[in-house]
Amino acid sequence: MNILFYIAALIAIMATIRMVTGINAVHSLLYLIVSLLSVSVIFFLLGAPFIAALEVIIYAGAIMVLFVFVIMMLNTGSSGVKKEHELLKPSTWIGPGITSAILFGEMLYVLMHPAAHPMTRTEIQPAAVGALLFSKYILIVELAAFLLAAGVIGAYHLGQKEKVSHHRYLKNEEPAT
Amino acid sequence: MTIPMEYGLLLAAILFCIGLAGVLVRRDVIFMLMSVEVMLNAAGLAFIVGGAARGSADGQVMFIFILAMAAAEVSVGLALIIQLYQKFKTLDADSASQLNG
């Protein structure tokens with residue numbers, strides 16, 4: 001069982017690196033889906049089968065399909081690819097890369113400092129998750145519902161095109177100069 | 001399973017830092033949004049690892065909230081990307097640095 005964890009972790013890291021350094025948006029999206037699927041394998045190994053299923057269904061299924069639709073709608077073609085080649089010079093990425101590496105080193109130091117705790121593999125059933133979700137965390141569930149409603153309204157408002165009115169009284173007023 | 005908990009947290013840290021570097025380096029807004037997704041997923045992985053180490057379901061509940069937040073964030077972010085592309089005809093984040101409509 002342990003070797004599965006290491007293989008899935010390695011695939012997740014490699015796929016994520018390829019996603020960040022990729023040029024083509026659709027290829028990067030496919031690498032991101034591979035990364036999410038391998039993280040889902042890790043969830044399953046950690047005894048969270050319900051979360052593993054949610055990761056595949058919602059992250060790799062629903063959210064990534066949204067990305068695919070937007071990339072398809074925008075249809076940027078090869079003009080963006082050339083621009084990205086110019087942006088991926090070493091002088092562009094070396095500063096953010098070094099700062100991220102320093103942050104990672106700090107996290108590595110903090111994580112490796114205490115004694116190792118072995119992970120117990122007690123499988124937590126979805127019923128336990130649901131019972132906790134609707135008893136102790138019921139207020140946060142309602143707040144998440146508010147957040148999703150705001151997201152729906154915001155996406156609808158931002159996504160619609162600007163209305164063109166042909167009548168001269170209905171046109172948007174010019175700002176006073 | 002005899003893997004120490006630190007390895008799981010280490011994987012979450014690695015994924016988070018790769019996503020952070022992606023947000024900082026890339027200027028294409030679609031790539032930036034995908035890197036933010038990687039960072040959110042890494043945070044959720046840290047919650048799951050913490051929950052697994054203690055054998056409690058609280059970490060999984062937190063992951064469900066992160067999932068709901070990520071879904072709302074992506075829908076609004078992609079609508080903003082469409083607006084940006086309609087206005088500027090490019091996906092470069094630097095093109096929208098003027099804030100004058």
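Chain letters run A, B, ... following the sequence lines, proteins first and then strands; every chain starts at 1. The basis for the numbers below is simple: all heavy atoms, side chains too, and nothing from hydrogens, waters or symmetry mates.
Nearest heavy-atom pair, A:S100 versus B:L24, reported as atom, atom and distance to 0.1 Å: OG-CD1, 4.0 Å.
The side-chain heavy atoms of B:L20 and A:F104, taken from C-beta on, include no pair separated by under 4.5 Å. Taking the side chain as every heavy atom from C-beta outward, A:K136 and B:D58 approach each other to under 4.5 Å. Under the 4.5 Å side-chain criterion, counting only non-hydrogen atoms from C-beta, A:V20 is not in contact with B:V25.
Distance check, rounded to the nearest 0.5 Å: CD1 of A:I153 to OG of B:S75 gives 11.0 Å. Interatomic distance, A:L10 CG to B:I14 CD1, rounded to the nearest 0.5 Å: 9.5 Å. Between the CD1 atom in B:I18 and the OG1 atom in A:T21 there is a gap of 9.5 Å [rounded to 0.5 Å]. The line from OG of A:S38 to CG of B:L15 is 8.0 Å long, rounded to the nearest 0.5 Å. How far CE of B:M62 is from CG of A:L132: 9.0 Å, rounded to the nearest 0.5 Å.
Heavy atoms closer than 4.5 Å to chain A are found in both the backbone and the side chain of B:E37. Residue A:V129 touches chain B through both its backbone and its side chain, counting heavy-atom pairs closer than 4.5 Å. Using a 4.5 Å cut-off between heavy atoms, B:Q83 contacts chain A through its side chain alone, with no backbone atom that close. Only the side chain of A:Y6 comes within contact range of chain B, with at least one heavy atom under 4.5 Å from a heavy atom of that chain.
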Practice item. Starting from the C-alpha separation in whole Å, work towards a yes-or-no answer on side-chain contact (heavy atoms from CB on, under 4.5 Å) for A:L133 and B:F65. Key: CA-CA 10 Å; A:L133 192 63; B:F65 293 139; 3.7 Å; yes

Practice item. Go through the steps for B:F16 and A:L103 under the test side-chain contact (heavy atoms from CB on, under 4.5 Å), then give the verdict. Key: CA-CA 10 Å; B:F16 189 88; A:L103 279 178; over 6 Å; no

**Study point:** Verdict with reasoning, A:I51 to B:I64, per side-chain contact (heavy atoms from CB on, under 4.5 Å)
**Key:** CA-CA 8 Å; A:I51 297 299; B:I64 293 175; 3.9 Å; yes

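Most heavy-atom pairs under 4.5 Å with chain A, from the set B:L80, B:L45, B:V23, B:I81: that is B:L45. For the set B:I30, B:L67, B:V38, the count of heavy-atom pairs under 4.5 angstrom toward chain A peaks at B:L67. Ranked by non-hydrogen atom pairs under 4.5 Å with chain A, the options B:A13, B:G59, B:G77, B:S56 are led by B:A13. Interface summary for chain A: among B:V74, B:L9, B:N41, B:I82, the most heavy-atom pairs under 4.5 angstrom belong to B:N41.
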